[in-house]
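Following: one structure in structure tokens, then a few remarks.
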Amino acid sequence: NQLIFEFLPYIKGTEYETHFFSLGLSATLPSGQARRYLTSVLGRTLYHYDMKEATAAKTVAPYDVYHISLAFQADERDEYEDLTEQMTLLYGKLLKVYPVLRSLTQKEQFEELRSIAGSKNNKLSKTAAAYMSLTFLRKKLVCLASARISCVRDLVDRLDAQEKILIFGERISQADELYYLLQETYPERVGRCHSQMGAQANKNALERFRTGSIRILIACKSIDEGLNVPDASVGIILSGTSTKRQRIQRLGRIIRRKETDRHAALYYLHIAATSEDTCYLPDAGEHRLFELSYDAQTQQFCHPAYDDRAGLLLSEMEKNGTDTNRLQEAGRCLRLGQVRSDWMLPPEMLDAHIRNARHIREKNYWVCMKKLYLLKTI
């Protein structure tokens with residue numbers, strides 16, 4: 001992108017030098033060296049409109065963020081720890097010669113390591129290259145952890161069937177695997193969009209998602225920018241990077257203003273006890289944060305704040321002599337609500353959902369959510 005400023009040296013000494021004005025507009029202004037460069041060619045920041053202001057002005061929809069903690073399988077954990085041990089040894093060798101690495105950001109450190117890897121110091125260049133190679137291997141291991149696919153499958157099964165869902169991934173192989181898996185449960189309702197699909201196929205998938213002929217779209221980076229589907233209300237980060245810009249872009253896909261007052265929802269999957277970030281929050285704005293975990297072996301979610309109330313409700317129903325069939329149905333409804341925030345809606349909205357339910361199972365769900373709400377206010 002810096003190529004857009006290549007004309008600047010050519011206007012010096014000409015009449016245009018004193019009649020030149022520039023304006024930069026960005027939804028994701030960079031930091032560090034990139035920010036300093038932009039300031040040098042464009043000048044200082046004139047105006048900033050952040051999430052806090054946008055939320056207050058209702059420019060964006062209210063949203064919930066769900067952190068879902070996952071675990072490696074045993075063999076994945078062993079491989080991760082082995083890679084980490086090798087990286088620690090190599091990093092220690094590099095620090096002895098380049099202690100400045102400690103004070104650099106992740107991006108700056110990568111650039112410095114790349115420079116070292118290309119240097120004439122054969123021993124150090126090999127060390128830097130080996131360290132970077134191990135970094136990529138470890139990142140790939142975290143990104144492709146088997147629990148991610150299982151979690152997304154079970155998560156989608158528990159979400160409202162009317163929600164339009166965007167699933168963001170990093171690896172094409174992983175996106176394709178999830179696509180074929182979800183197609184089994186939701187035939188002709190799932191699409192995918194990535195660089196190997198071809199321009200026309202991607203265009204068709206996006207159009208089908210906009211029109212509603214598919215309600216789940218799986219993509220690898222290609223929809224981080226430019227996609228405008230206001231009724232897409234759920235985002236799932238199957239795997240992602242720590243890039244702040246990418247986080248803002250992905251959140252931006254689901255917080256466009258909608259006709260309803262329901263919250264948008266962003267689900268962020270992360271592997272516990274790894275280098276992967278455990279927090280996925282924008283700088284500001286009003287939102288609710290929920291901490292969950294998922295066990296791939298039992299295919300169960302754990303949401304402590306919710307589970308305590310759900311358990312209490314089932315206990316009260318049992319004490320009141322509720323029959324087995326009703327208890328089982330209540331259990332089903334409460335499992336669905338475990339990954340949603342419907343139990344926090346005000347009573348008048350819950351009553352409206354109960355009245356407008358399309359079938360008895362949906363009505364049962366909203367009745368359970370209202371019981372939970374009333375239980376938490378006692």
Side-chain angles (χ1 to χ4, degrees), residues 66-77 79 139-198 201-202 204-210 212-224 227 229 232-241 250 253-254 265-272 274 276 280 292-303 332 335-340:
Y66 297 78
H67 290 165
I68 304 181
S69 175
L70 310 174
F72 274 139
Q73 290 187 352
D75 59 332
E76 293 172 334
R77 172 57 63 184
E79 184 178 355
K139 180 181 178 182
K140 180 180 179 181
L141 179 66
V142 172
C143 182
L144 298 180
S146 57
R148 295 184 187 273
I149 295 290
S150 176
C151 179
V152 172
R153 177 199 61 204
D154 292 331
L155 176 59
V156 171
D157 285 346
R158 298 188 188 209
L159 296 176
D160 191 314
Q162 302 302 307
E163 301 278 18
K164 293 182 74 170
I165 304 170
L166 285 168
I167 301 176
F168 303 93
E170 292 296 309
R171 307 287 172 143
I172 290 175
S173 61
Q174 186 184 49
D176 285 343
E177 180 184 353
L178 180 60
Y179 169 78
Y180 290 116
L181 184 65
L182 291 179
Q183 276 282 30
E184 295 176 6
T185 309
Y186 310 99
E188 305 303 321
R189 298 290 285 156
V190 186
R192 51 183 168 162
C193 182
H194 56 66
S195 59
Q196 291 184 8
M197 292 292 295
N202 285 337
N204 293 342
L206 290 172
E207 185 60 26
R208 292 182 66 203
F209 188 65
R210 286 192 186 95
S213 62
I214 59 175
R215 77 174 188 93
I216 303 170
L217 183 62
I218 306 167
C220 297
K221 298 183 181 180
S222 56
I223 60 172
D224 284 353
L227 177 68
V229 185
S233 55
V234 173
I236 301 175
I237 311 300
L238 169 64
S239 56
T241 70
R250 291 181 170 182
R253 304 284 75 77
I254 64 166
L266 182 72
Y267 297 85
Y268 170 56
L269 280 56
H270 63 91
I271 306 297
T274 69
E276 187 172 31
Y280 197 101
L292 287 73
S293 62
Y294 174 80
D295 187 331
Q297 291 187 329
T298 62
Q299 298 181 342
Q300 295 297 319
F301 291 91
C302 176
H303 183 177
R332 180 194 69 83
R335 282 191 295 275
L336 296 180
Q338 196 177 31
V339 296
R340 311 184 198 177

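E276 has a carboxylate O that lies under 4.0 Å from a charged side-chain N of R148, or vice versa, which qualifies the two as a salt bridge.
Taken to the nearest 0.5 Å, the CD1 atom of I214 stands 11.5 Å off from the CD1 atom of I165. Taken to the nearest 0.5 Å, the CD atom of Q299 stands 9.5 Å off from the CG atom of D157. From L206, atom CG reaches atom CG of L217 across 6.0 Å, with rounding to the nearest 0.5 Å. Rounding to the nearest 0.5 Å places OH of Y267 at 7.5 Å from CD1 of I236.
Annotation: side chain of L182 is in contact with side chain of I167 (closest heavy-atom distance under 4.5 Å). Counting only heavy atoms from C-beta outward, the side chains of C302 and D295 never approach each other to under 4.5 Å. You'll find the side chain of R189 stays beyond 4.5 Å of the side chain of I216, heavy atoms only. Contact of the L155 side chain with the Y66 side chain is not registered, since no non-hydrogen atoms from C-beta on lie closer than 4.5 Å. Using a 4.5 Å cut-off on side-chain heavy atoms (C-beta onward), E170 and C220 make no contact. Under the 4.5 Å side-chain criterion, counting only non-hydrogen atoms from C-beta, T274 is not in contact with L141. A heavy-atom distance below 4.5 Å is not found between the side chains of I149 and R153. Taking 4.5 Å as the limit, some side-chain heavy atom of F72 sits within range of a side-chain heavy atom of V142.
E184 and Y180 form no side-chain donor-acceptor contact under 3.5 Å, judged by distance and modelled atom types alone.
The distance between the ring centers of F301 and H303 does not fall below 6.0 angstrom.
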